[in-house]
Amino acid sequence: MDRHLNTLGLVGYLFIGTAAVLIPAVMPFITEEYAEMGLTLAAIGLIFPARSAGGILGNLLAGIGSDRIGRRRMVWLSALFLAGAMAVTALIAPWPIFLAAFVLISAAQASLSTGINAMIADANRGARARALNTLHGVYGVGAAISPLIIGYIIDQGVPWRWAIGGTGIIWLIYGVAAALLYDSDRAHPTAVTTDSATDSATDPRADAPVKTRALDMLRQGAFLSLFLIAFIYNGVAYSLLGWIAVFMESTAGFSTFLSIAMISIFYIALTIGRFICAGVSERVGYATTLLVLSAGITLTYPLVVLGIHSLWVTVVGVFLTGLSLSGLFPMVLAYGARLYPEQTGTVSGTLNVAMTLGAMIPPLWTGILAETWGLQFALGVNYILVLPMIFLALYLGRVEQRTPITQPAPGD
């Protein structure tokens with residue numbers, strides 16, 4: 001069963017990587033189309049909170065739902081819903097409706113991501129950090145390749161909305177295949193043990209008040225620190241990815257293709273970093289890995305903001321920034337799953353809410369600040385998010401020393 005779950009998760013996260021970079025890859029074309037309709041950068045920046053509103057809803061519902069109905073059922077249902085939402089969005093033009101449609105896309109994608117993360121954490125209880133970094137490394141592969149494909153296709157004259165519709169077709173195929181696999185396993189119950197560690201059909205704890213558990217988690221210093229790191233990680237990453245193509249094209253004068261290629265450079269580094277973290281994190285410790293990554297982003301992020309007049313400095317800065325950010329979220333998920341091993345759905349959903357808030361708030365203020373002071377200043381302001389991460393990692397290191405989590409917890 002674990003092999004089936006790992007394969008399902010890895011394939012799904014490869015596609016999630018493709019879907020996640022759709023907006024950054026087509027952001028110059030969205031900006032161009034809707035700017036011609038009279039929208040400002042601040043107004044166009046509302047696309048980030050619109051997506052995040054759906055993401056928060058999807059994460060919360062999926063976190064609770066996957067603990068109750070099972071991980072795999074949540075995965076294939078979310079995939080099919082995401083396919084439908086993308087198909088609808090590709091056909092919509094008016095800005096208010098376009099924004100509303102992204103709420104549906106984000107809710108479905110968040111639900112899918114939460115379900116897969118919880119499923120992989122349950123299936124690899126003895127080495128969660130390795131499994132989750134590998135999972136998110138595969139995500140990086142999809143995210144690195146797809147902007148190049150999208151950029152090339154659009155350069156050939158294909159409308160940018162077709163990229164959204166084509167991604168929807170991918171999710172339709174995945175959802176159907178996952179549903180067929182789920183039905184096949186149910187028809188042959190000897191092939192599997194349980195759908196998840198907390199499948200509602202077999203675990204009486206599924207009736208416990210999951211929402212209260214999540215609130216209790218956030219009252220704990222260690223979990224609150226993980227929540228903040230997840231927020232900061234995605235706030236920095238998504239602000240950069242969301243605006244970097246526009247930034248490079250308008251401020252540095254790069255071509256459209258080269259500007260979009262920066263997204264691929266970022267994700268190549270992200271992928272490499274996650275596979276490195278998968279190899280070392282179980283040996284050096286979760287908090288130590290977080291500390292090294294936090295120190296890395298503190299040193300490398302300024303290169304992106306200050307080096308825009310040199311192509312090579314920009315490329316190196318984007319690469320090192322992606323490398324430094326790489327393992328932050330997988331490590332946060334692994335740490336949280338070790339703290340609450342029987343509630344991985346709630347852990348994943350709650351930490352994904354932090355990710356979603358990060359994808360909503362910093363990119364929004366980046367657009368607002370850019371309207372008055374320019375994108376270079378706006379992206380530079382986000383450096384204030386980076387500095388606290390070193391202190392959060394040091395605190396988690398003290399927690400880890402008091403309660404070691406580098407070895408499987410009892411019952412893992």
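For reference, positions follow the sequence shown, starting with 1. All values derive from a computational prediction rather than experimental measurement.
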For this session: With side-chain hydrogen bond (donor to acceptor under 3.5 Å, both in side chains) as the test, would you mind laying out the steps for T289 and S281 before giving the verdict?
Result: CA-CA 6 Å; T289 305; S281 56; 5.1 Å; no
For this session: Could you please spell out the steps behind the side-chain contact (heavy atoms from CB on, under 4.5 Å) verdict for Y340 and Q220?
Result: CA-CA 12 Å; Y340 302 95; Q220 303 298 316; 3.5 Å; yes
For this session: Report the C-alpha separation of L226 and F223 in whole Å, then their side-chain angles, then the decisive distance to 0.1 Å, and conclude whether the side-chain contact (heavy atoms from CB on, under 4.5 Å) test is met.
Result: CA-CA 5 Å; L226 297 174; F223 194 82; 4.3 Å; yes
For this session: Given side-chain contact (heavy atoms from CB on, under 4.5 Å), test T134 with N6 step by step and report yes or no.
Result: CA-CA 10 Å; T134 301; N6 285 327; over 6 Å; no
For this session: Kindly indicate, with the supporting measurements, whether the criterion side-chain contact (heavy atoms from CB on, under 4.5 Å) is fulfilled by V304 and L240.
Result: CA-CA 9 Å; V304 178; L240 184 62; 3.6 Å; yes
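Between I173 and F15, every side-chain heavy-atom pair lies at or beyond the 4.5 Å cut-off. You'll find the side chain of N352 reaches within 4.5 Å of the side chain of F329, heavy atoms only. Put simply, the side chain of M331 does not reach to within 4.5 Å of the side chain of I229, judged on heavy atoms. Within the 4.5 Å cutoff, the side chain of S326 has heavy atoms near those of the L293 side chain. No side-chain heavy atom of I297 sits under 4.5 Å from any side-chain heavy atom of Y233. Using a 4.5 Å cut-off on side-chain heavy atoms (C-beta onward), Y301 and L325 make no contact. Here the side chains of F81 and L112 are not in contact, with every heavy-atom distance at 4.5 Å or above. A 4.5 Å side-chain heavy-atom check between I120 and Y13 finds every atom pair outside the cut-off.
I361 contributes atom CD1, which lies 8.5 Å from atom CG of L364 (distance to the nearest 0.5 angstrom). Note that the CG atom of L290 and the OH atom of Y395 stand 14.0 Å from one another [nearest 0.5 Å]. Between the CZ atom of F227 and the CE atom of M217 there is a distance of 12.5 Å, given to the nearest 0.5 Å. Separating the CG atom in L270 from the OH atom in Y267 is a distance of 6.5 Å, to the nearest 0.5 Å. The distance from the CH2 atom of W76 to the CG atom of L180 is 9.5 Å, given to the nearest 0.5 Å. Atoms CE and CG, from M119 and D122 in turn, are 9.5 Å apart once rounded to the nearest 0.5 Å.
Considering all non-hydrogen atoms of both residues, E282 and A129 come closest at OE2-N, 2.9 Å. Here the closest heavy-atom approach between residue S225 and residue L392 is recorded as OG-CD2, 3.9 Å. For the residue pair G296 and S324, the shortest heavy atom distance occurs at C-OG, 3.1 Å. Closest approach of G322 to A269, counting heavy atoms only: C-CB, 3.9 Å. Pairing each heavy atom of C277 with each of N133, the nearest pair is CB-OD1, 3.3 Å. Residues P363 and S239 share a closest heavy-atom pair of N-OG, 3.2 Å.
Under a 3.5 Å cut-off, the side chain of S113 and the backbone N or O of Q109 do not form any donor-acceptor pair. Of the possible donor and acceptor atoms, none in the side chain of S348 sits under 3.5 Å from a partner among the backbone N and O of T344. Checked by atom type and distance alone, the side chain of N234 pairs as donor or acceptor with a backbone atom of M355 at under 3.5 Å. Under a 3.5 Å cut-off, the side chain of T271 and the backbone N or O of V141 do form a donor-acceptor pair. A donor-acceptor pair is defined here as one N or O able to donate and one able to accept, closer than 3.5 Å; no such pair exists between the side chain of Q376 and the backbone of L306.
Below 30°, between 30° and 60°, or above 60°: for W171 and Y174 the angle between ring planes is above 60°, a perpendicular geometry.
Side-chain polar atoms of Y383 and T298 form no donor-acceptor pair below 3.5 angstrom.
Under the side-chain contact (heavy atoms from CB on, under 4.5 Å) rule, M86 has a single partner from I105, I169, L172, which is I105.
Residue-environment remark: CZ (F391) stays at or below the threshold of 12 foreign heavy atoms within 6.0 Å.
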